[in-house]
Amino acid sequence: MEDKDMMNIDKSMFEFAQKDEKLHDTKLDAKRVGYFKDAFMRFRKNKGSVVGGIIIILLLLFAIFVPIFGGNSYANNIKDNTYLYYKKLMPKSSLFAGLGFWDGCKTEEMNVNSYNYYNAIGVETGCNPIVAVKDFDQVERMYTVKSDSYYKNGMVYMTLTKEEYQNIQKWQDENEIQVIYPAVDLAKYTVESFKTDANRWYVVDQRGFPVVDASGNYEENYLKTGTDDYTSKMRIASDPYNSGDTENAYRYARLTGSSTSGGYYVRIFTYNYFIYKYGFEPAFLFGTNDLGQDLFTRLAEGARFSFLLALFISMINLTIGAIYGAIEGYYGGAVDLTMERISDILANVPFIVVVTLFNLHLSKQVGALGSLLFAFVTTGWIGTAGTVRMQFYRFKNQEYVLAARTLGASNARIMFKHIFPNALGTIVTSSILVIPSVIFSESMLSYLGIINLETSGFTSVGTLLSQGQGFLSTYPHILLFPAIFVSLLMISFNLFGNGLRDAFNPSLRGSED
């Protein structure tokens with residue numbers, strides 16, 4: 001279009017965009033996004049960090065609520081001496097037991113004598129520890145079997161009071177579950193160890209092998225007749241008493257002491273005794289340790305203690321490190337140089353040396369837990385102090401700080417009112433990551449035997465790892481579940497910390513990516 005054509009354009013073709021007399025800016029329609037909301041929006045975009053956060057929450061809930069609501073009379077009564085009857089039981093879940101998985105069983109090799117021994121438990125009780133025979137080596141005479149760890153304990157000898165003896169008999173009759181089994185004629189055993197083994201209820205030859213009849217049945221060695229005050233209706237199927245032969249009826253107890261103050265020495269089937277005493281069949285999700293303690297509950301208790309210990313140490317180190325680093329970074333110069341050299345000296349002392357020295361010389365006064373706290377606090381704040389120092393160097397010469405100083409703000413106000421809040425994201429992130437570091441360090445120290453929190457009456461994840469290291473090849477589940485917990489915790493906190501660091505990064509505020 002030429003210039004002369006532009007001069008001939010009709011003015012009626014134009015219309016004012018704003019007809020009002022006053023022109024002004026229109027109000028923004030977008031909603032304001034706060035600092036923490038913006039951080040949360042960016043954090044949830046990181047899927048790995050979200051998953052890590054969810055896992056951490058689940059582990060926390062496990063540590064908090066399982067000891068409170070999941071503990072039962074068995075798990076809570078840690079001084080119960082019957083624990084040893086149920087030691088090193090394999091993990092068992094009623095959900096998977098029918099599928100042949102997670103069913104309390106393990107595959108192992110045993111010789112012929114051991115096979116006969118455990119098979120005899122099944123013959124007497126109907127609960128056979130030998131679930132299946134997978135192979136038999138004719139040369140070595142060795143069986144490869146799948147065994148049920150919950151039945152392998154079989155019988156134990158116990159001395160009961162008259163009241164306990166009668167209570168079990170009453171419970172047997174009401175529930176039709178045999179707990180007390182016939183006493184054994186010990187005079188027929190020439191080997192002394194057989195006389196103290198409650199699972200030896202059958203006649204044996206000189207080699208210790210069971211004597212069997214023509215049909216291959218074990219020959220019973222029960223003690224017959226006697227005044228054991230046995231009034232229970234529950235008797236084993238082979239008891240002559242069931243057919244009316246009271247003269248040859250089996251004897252179910254030996255009297256000890258006087259008739260008034262004595263006890264009853266009996267053979268107890270441990271599996272059914274557990275049901276009698278605790279009201280449910282033994283089935284431990286994570287199995288039991290070498291003390292017979294429920295690993296599921298013990299791990300939750302240890303995790304709770306480890307979390308509390310790590311959180312307490314993190315708070316102390318955050319407080320000390322924030323103050324120390326703020327002074328370094330704000331004042332700089334000779335103050336920073338002097339304080340930084342002190343930090344360097346402490347940081348270069350190996351942590352394991354600090355823990356060992358405190359444990360050797362301080363634990364007698366304050367206990368193992370107190371010495372561990374001192375060791376963590378002695379050097380644990382240095383990393384936080386360094387982070388705070390760097391952030392103060394970054395922000396102390398910003399315009400808003402200079403403006404505040406010009407207006408007469410005190411050094412303390414400038415440090416903790418203006419600079420510290422801007423560095424809060426980085427500081428909080430580093431402090432949160434101290435938690436898994438403390439738990440991992442405590443676990444490592446306990447596993448190596450440098451510290452022993454059991455002497456202070458506490459259980460931690462590291463203590464459980466230390467208890468399980470001797471059973472790695474035979475009962476790996478004792479070590480496996482605490483190790484899985486620590487691994488999940490470390491991986492989750494690393495993922496969570498990465499997302500948290502990016503979310504609180506001021507340079508990413510308002511970004512769309």
Side-chain angles (χ1 to χ4, degrees), residues 81-82 84-85 116-129 151-205 208-213 217-277:
N81 56 11
T82 61
L84 294 178
Y85 301 156
N116 291 329
Y117 176 84
Y118 288 116
N119 187 60
I121 296 175
V123 172
E124 183 180 31
T125 65
C127 301
N128 200 335
Y151 293 153
K152 282 185 69 175
N153 282 328
M155 302 288 174
V156 293
Y157 280 118
M158 293 181 64
T159 301
L160 306 174
T161 64
K162 185 174 183 179
E163 182 181 4
E164 291 173 334
Y165 186 56
Q166 293 175 344
N167 287 339
I168 293 178
Q169 292 183 58
K170 181 180 178 181
W171 185 87
Q172 285 185 153
D173 294 339
E174 292 175 351
N175 295 275
E176 298 184 351
I177 298 176
Q178 191 78 45
V179 178
I180 303 174
Y181 278 73
V184 176
D185 188 358
L186 302 179
K188 292 184 179 181
Y189 292 137
T190 56
V191 180
E192 197 64 30
S193 61
F194 289 0
K195 297 180 180 180
T196 58
D197 188 346
N199 287 313
R200 302 280 183 176
W201 60 274
Y202 47 89
V203 178
V204 297
D205 58 20
F209 286 92
V211 176
V212 297
D213 58 20
N217 298 319
Y218 289 79
E219 184 177 331
E220 297 173 347
N221 187 32
Y222 293 133
L223 195 63
K224 298 181 179 180
T225 67
T227 56
D228 60 2
D229 192 27
Y230 196 79
T231 58
S232 176
K233 298 176 184 178
M234 281 296 298
R235 298 171 181 266
I236 65 173
S238 60
D239 193 334
Y241 184 90
N242 296 324
S243 58
D245 185 0
T246 56
E247 293 184 1
N248 292 310
Y250 293 151
R251 182 175 178 178
Y252 285 78
R254 286 184 172 85
L255 298 177
T256 60
S258 64
S259 58
T260 56
S261 60
Y264 292 79
Y265 190 62
V266 297
R267 292 173 66 237
I268 293 288
F269 182 34
T270 55
Y271 189 89
N272 290 345
Y273 181 72
F274 187 102
I275 302 173
Y276 157 74
K277 189 161 188 177

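- A donor-acceptor pair is defined here as one N or O able to donate and one able to accept, closer than 3.5 Å; such a pair exists between the side chain of T270 and the backbone of G154.
- The aromatic ring centroids of Y157 and Y265 lie less than 6.0 Å from each other.
- Scanning for side-chain contact (heavy atoms from CB on, under 4.5 Å) contacts around V212 gives an empty result, with sequence neighbours left out.
- Using a 4.5 Å cut-off on side-chain heavy atoms (C-beta onward), E220 and Y250 make contact.
- Remark: Q178 CD to Q172 CD distance equals 4.5 Å, nearest 0.5 Å.
- Remark: the Y222 side chain and the E124 side chain contain an N/O donor-acceptor pair separated by less than 3.5 Å.
- Distance check, rounded to the nearest 0.5 Å: OG1 of T159 to OH of Y264 gives 12.5 Å.
- The backbone N or O of W171 sits less than 3.5 Å from a side-chain atom of N175, completing a donor-acceptor pair.
- Between G122 and P129, the shortest heavy-atom contact is N-CD, 3.9 Å.
- Under the side-chain contact (heavy atoms from CB on, under 4.5 Å) criterion, K170 pairs with E174, not counting sequence neighbours.
- Partner of S232 under the side chain to side chain contact (heavy atoms under 4.5 Å, CB included) criterion, out of D173, V179, I180: D173 alone.
- Side-chain N/O atoms of Y252 and Q169 include no donor and acceptor closer than 3.5 Å.
- Side-chain atoms of Y165 do not come within 3.5 Å of backbone N or O of V266 as any donor-acceptor pair.
- A 4.5 Å side-chain heavy-atom check between L186 and R254 finds at least one atom pair inside the cut-off.
- Counting only distance, with no hydrogens or angles, the side chain of N221 and the backbone of D185 share a donor-acceptor pair below 3.5 Å.
- In this structure, the side chains of Y241 and T246 come closer than 4.5 Å at one or more pairs of heavy atoms.
- When all heavy atoms of N199 and Y202 are compared, the pair lying nearest together is O-CE2, 3.7 Å.
- Remark: the Y117 side chain and the D197 side chain contain an N/O donor-acceptor pair separated by less than 3.5 Å.
- Evaluation of the side-chain contact (heavy atoms from CB on, under 4.5 Å) rule for N167 yields E163, Y276 as partners, not counting sequence neighbours.
- Between R235 and N242, the closest heavy-atom pair is CB-OD1, 3.9 Å.
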Test ring-ring contact (aromatic ring centres under 6.0 Å, His included) on Y271 and Y151; report intermediate values, then the result.
CA-CA 7 Å; Y271 189 89; Y151 293 153; 4.9 Å; yes
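- Distance OH/Y181 to CZ/R267: 9.0 Å, rounded to 0.5 Å.
- Side chains of M155 and T125 form a contact here, defined as non-hydrogen atoms less than 4.5 Å apart.
- The two residues N128 and Y118 make their nearest non-hydrogen contact at OD1-O, 3.8 Å.
- Using a 4.5 Å heavy-atom cutoff, the side chains of I236 and P182 are in contact.
- Residue W201 comes nearest to I121 through the heavy atom pair NE1-N, 4.5 Å, listed as atom of the first residue, atom of the second, then distance.
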